[in-house]
Amino acid sequence: MTILNIVLIVIGCLVALFLILAAVNSKELIIEKSIVVNRPRNDVYDFLKITKNADTYNAWNMMDPDMKKEYRGNDGTVGFVYAWDSNKKRNVGAGEQETKVLRAGEYIEHELRFIRPMNDVAKAYFHLTDAGPNQTNVSWTFDSKLKFPGTAMKGMIRGILTKSLVSGLSNLKKELEK
């Protein structure tokens, strides 16, 4: 057996493993992270419902401060759309986020429509509950259905998104507790 044959067998095994992972991994990807913010729930809600405020806490927005941004509608209302297109060197991609549901003081839902680096749709939710006097528990959830080859890379995608949510919540806490 030659070195070339061994290399081809190893490559074939890796491709097979990748395809098996893609087939057996669930398409569902739900990540939820929470933090307690020392501010009343309505204050936190009023801040979060304004999409433009994400520039102060969202890790993805902060990766490329020079990305092209477009806004359609009235920020802080259902139907508002924020679109972004990042410099390819910053690797944030392109897409848009639409405010779908606002329940005063309790819940915010966005639909995320990714264009680049992948074409996909996901949901992001904020759930707000009282954590104590003038304290709010903020839960941030990312909900998506992965397509191939994302199903094979689910663990890596989960790790990246989890880190971003944790960082974003930490930034949010710092911003609101100034």
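Below, each value reflects all heavy atoms present in this structure, side chains not excepted, and no hydrogens, waters or symmetry copies.
Proximity of a side-chain donor or acceptor of Asn171 to a complementary backbone N or O of Ser167 within less than 3.5 Å is detected. Panel note: side chain Thr77, backbone Asn74; a donor-acceptor pair is recorded below 3.5 Å. The backbone N or O of Asn38 sits nowhere less than 3.5 Å from a side-chain atom of Gln135 that would complete a donor-acceptor pair. A donor-acceptor distance shorter than 3.5 angstrom exists from the side chain of Asp64 to the backbone of Met67, with no hydrogens or angles considered.
Under the rule for a side chain to side chain contact (heavy atoms under 4.5 Å, CB included), Pro117 has no partner lying at least two apart in sequence or in another chain. For Glu111, the salt bridge (Lys or Arg N to Asp or Glu O under 4.0 Å) partners at least two apart in sequence or on another chain are Arg113, Lys123. Taking Asp120 as the reference, nothing meets the salt bridge (Lys or Arg N to Asp or Glu O under 4.0 Å) condition, with sequence neighbours excluded. Evaluation of the side-chain hydrogen bond (donor to acceptor under 3.5 Å, both in side chains) rule for Trp60 yields Ser164 as partners, not counting sequence neighbours. Taking Lys69 as the reference, Asp55 meet the side-chain hydrogen bond (donor to acceptor under 3.5 Å, both in side chains) condition, with sequence neighbours excluded. With sequence neighbours excluded, no residue forms a salt bridge (Lys or Arg N to Asp or Glu O under 4.0 Å) with Lys33. A search for salt bridge (Lys or Arg N to Asp or Glu O under 4.0 Å) contacts involving Asp143 returns nothing, not counting sequence neighbours. Applying the side chain to side chain contact (heavy atoms under 4.5 Å, CB included) rule to Ser139 yields the partners Glu32, Ser34, His127, Asn137; only residues at least two apart in sequence or on another chain are considered.
Put simply, the side chain of Leu128 reaches to within 4.5 Å of the side chain of Leu48, judged on heavy atoms. Two residues are said to be in side-chain contact when any heavy atoms from C-beta on lie closer than 4.5 Å; Lys100 and Ile108 fail this criterion. With a 4.5 Å cut-off on side-chain heavy atoms, Tyr45 and Arg103 do not count as touching.
No salt bridge links Glu177 with Lys174; every basic N to acidic carboxylate O contact stays at or beyond 4.0 Å.
Taking hydrophobic clusters as Ile, Leu, Val, Met, Phe, Trp and Tyr residues chained together by side-chain heavy-atom distances below 4.5 Å, Val78 shares a cluster with Phe47. Using a 4.5 Å cut-off between side-chain heavy atoms of Ile, Leu, Val, Met, Phe, Trp and Tyr, with links allowed through other members, Leu112 and Leu161 fall into the same hydrophobic cluster.
Sorted by first and then second residue, the pairs that involve residues 72-82 and meet salt bridge (Lys or Arg N to Asp or Glu O under 4.0 Å), not counting sequence neighbours, are Glu70-Arg72, Arg72-Glu96. The salt bridge (Lys or Arg N to Asp or Glu O under 4.0 Å) pairs that include a residue from residues 128-140 are Arg41-Asp130, where partners are two or more places apart or lie in different chains.
If you chain together ILVMFWY residues whose side-chain heavy atoms come under 4.5 Å of each other, Tyr125 ends up grouped with Val101, Tyr107. Residue Ile50 belongs to no hydrophobic cluster, having no ILVMFWY side-chain heavy atom closer than 4.5 Å to its own.
For the atom pair OG1 (Thr136) and CD1 (Ile35), the distance works out to 12.0 Å, reported to the nearest 0.5 Å. The distance from the CD1 atom of Ile31 to the CG atom of Leu165 is 6.0 Å, given to the nearest 0.5 Å. In this structure, Glu175 CD and Arg39 CZ are separated by 9.5 Å, a value rounded to the nearest 0.5 Å. Here Asn119 contributes atom CG and Phe114 contributes atom CZ; the two are 10.5 Å apart, rounded to the nearest 0.5 Å.
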Determine, stepwise, if the pair Ile30 / Glu28 fulfils side chain to side chain contact (heavy atoms under 4.5 Å, CB included). CA-CA 6 Å; Ile30 299 174; Glu28 184 98 14; 2.9 Å; yes
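Both tests hold for Lys52 against Tyr71: distance to the six-membered ring centre under 6.0 Å, angle to the ring axis within 45°.
The six-membered or imidazole ring of Phe142 lies away from that of Trp140, with a centre-to-centre distance of 6.0 Å or more.
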